[in-house]
Amino acid sequence: QVQLVESGGGLVQAGGSLRLSCAASGLTFSSVNMGWFRQAPGKEREFVASRKWNNAATTYADSVKGRFTISRDNVKNTVYLHMNSLKPEDTAVYYCATTTAVVVSERTMDYWGKGTLVTVSS
């Protein structure tokens with residue numbers, strides 16, 4: 001059974017950094033596309049970043065470009081989200097998800113983790 005477990009969330013001051021991790025099991029990690037999404041209080045879940053199975057392509061939401069970096073380790077079956085220059089509006093529950101679809105979007109993801117909370121104080 002597929003499991004995605006996020007970790008690394010917490011409380012950080014504005015301007016700080018965090019690294020989120022998502023450990024995957026029960027699937028052929030090197031063959032799937034991975035994405036990070038987030039849901040802020042009172043808002044819908046939104047796309048943050050994705051990285052293709054072969055590391056060939058990464059995509060970012062405009063709101064995080066230049067500040068966040070998604071990476072993956074196909075040996076450790078883990079995907080990371082490196083977050084720098086954090087802002088209070090980055091406060092959200094962050095989810096990792098996986099899909100075999102070509103397009104990575106909330107509608108196409110096959111499996112989801114339970115999320116990790118990131119809180120950015122001003």
Side-chain angles (χ1 to χ4, degrees):
Q1 120 210 23
V2 176
Q3 280 195 317
L4 301 173
V5 180
E6 302 95 336
S7 61
L11 175 63
V12 63
Q13 287 189 331
S17 299
L18 278 177
R19 186 186 78 164
L20 305 184
S21 301
C22 172
S25 60
L27 49 73
T28 305
F29 184 78
S30 58
S31 300
V32 297
N33 301 321
M34 298 299 299
W36 284 97
F37 297 78
R38 67 185 181 185
Q39 186 167 21
K43 296 188 177 180
E44 293 187 351
R45 189 158 53 187
E46 64 176 3
F47 169 81
V48 175
S50 66
R51 193 166 188 113
K52 290 296 183 75
W53 64 275
N54 57 359
N55 283 312
T58 56
T59 306
Y60 297 94
D62 288 343
S63 58
V64 306
K65 277 181 184 176
R67 300 188 299 121
F68 290 12
T69 302
I70 184 172
S71 63
R72 60 187 294 166
D73 186 329
N74 286 349
V75 174
K76 294 183 178 180
N77 288 3
T78 301
V79 63
Y80 304 96
L81 186 66
H82 308 260
M83 307 185 295
N84 298 317
S85 302
L86 282 161
K87 305 175 182 180
E89 51 264 43
D90 294 318
T91 295
V93 177
Y94 284 73
Y95 300 89
C96 72
T98 180
T99 181
T100 56
V102 173
V103 176
V104 176
S105 74
E106 186 166 1
R107 292 192 305 273
T108 64
M109 308 314 281
D110 299 316
Y111 299 98
W112 294 83
K114 293 184 178 181
T116 185
L117 176 64
V118 172
T119 303
V120 183
S121 64
S122 57

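Values below: every heavy atom of this structure, side chains too, minus hydrogens, waters and symmetry copies.
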For the pair [X] (side chain) and [Y] (backbone), establish whether a donor and an acceptor sit closer than 3.5 Å, ignoring hydrogens and angles.
| X | Y | answer |
| --- | --- | --- |
| Thr99 | Ala101 | yes |
| Tyr60 | Ile70 | yes |
| Ser50 | Val104 | no |
| Thr116 | Gly9 | yes |
| Lys52 | Val102 | yes |

Same cluster for [X] and [Y] if Ile/Leu/Val/Met/Phe/Trp/Tyr side chains link at under 4.5 Å?
| X | Y | answer |
| --- | --- | --- |
| Phe68 | Leu20 | yes |
| Tyr111 | Val48 | yes |
| Leu81 | Trp53 | no |
| Met34 | Val2 | yes |

Who are the side-chain contact (heavy atoms from CB on, under 4.5 Å) partners of Val12, not counting sequence neighbours?
-> Leu18, Leu86, Val120
Sequence-distant partners of Thr78, side-chain contact (heavy atoms from CB on, under 4.5 Å), two or more places apart = Ser21, Ala23, Lys76, Tyr80
Cationic N near anionic O, under 4.0 Å, Lys114 to Glu6 | no
Is any side-chain N of the basic residue among Lys87 and Asp90 closer than 4.0 Å to the acidic one's carboxylate O?
-> no
What I'd like to find out is whether the side chain of [X] reaches to under 4.5 Å of the side chain of [Y], using heavy atoms alone.
| X | Y | answer |
| --- | --- | --- |
| Arg38 | Val64 | yes |
| Thr28 | Ser30 | yes |
| Leu27 | Val32 | yes |
| Ser25 | Asn77 | no |

Does NZ or CZ of Arg51 fall inside the cone over Trp36's six-membered ring, less than 6.0 Å from its centre and within 45° of the axis?
-> no
Quick one: list whatever passes side-chain hydrogen bond (donor to acceptor under 3.5 Å, both in side chains) with Asn84, sequence neighbours left out.
-> Ser17
Phe47 vs Phe37 aromatic rings, parallel, tilted or perpendicular, using cut-offs 30° and 60°?
-> perpendicular
Could you tell me whether Trp112 atom CH2 has more than 12 heavy atoms of other residues or ligands within 6.0 Å of it?
-> yes
Worked verdict on Thr100 versus Asn33 for side chain to side chain contact (heavy atoms under 4.5 Å, CB included) | CA-CA 6 Å; Thr100 56; Asn33 301 321; over 6 Å; no
Least distance between heavy atoms, [X] atom then [Y] atom:
| X | Y | result |
| --- | --- | --- |
| His82 | Ser71 | NE2-OG, 3.0 Å |
| Ala24 | Phe29 | CB-CD1, 3.6 Å |
| Leu4 | Cys22 | CB-SG, 3.9 Å |

Take Glu46 and Glu44 through the side chain to side chain contact (heavy atoms under 4.5 Å, CB included) test and state the conclusion after the steps.
-> CA-CA 6 Å; Glu46 64 176 3; Glu44 293 187 351; over 6 Å; no
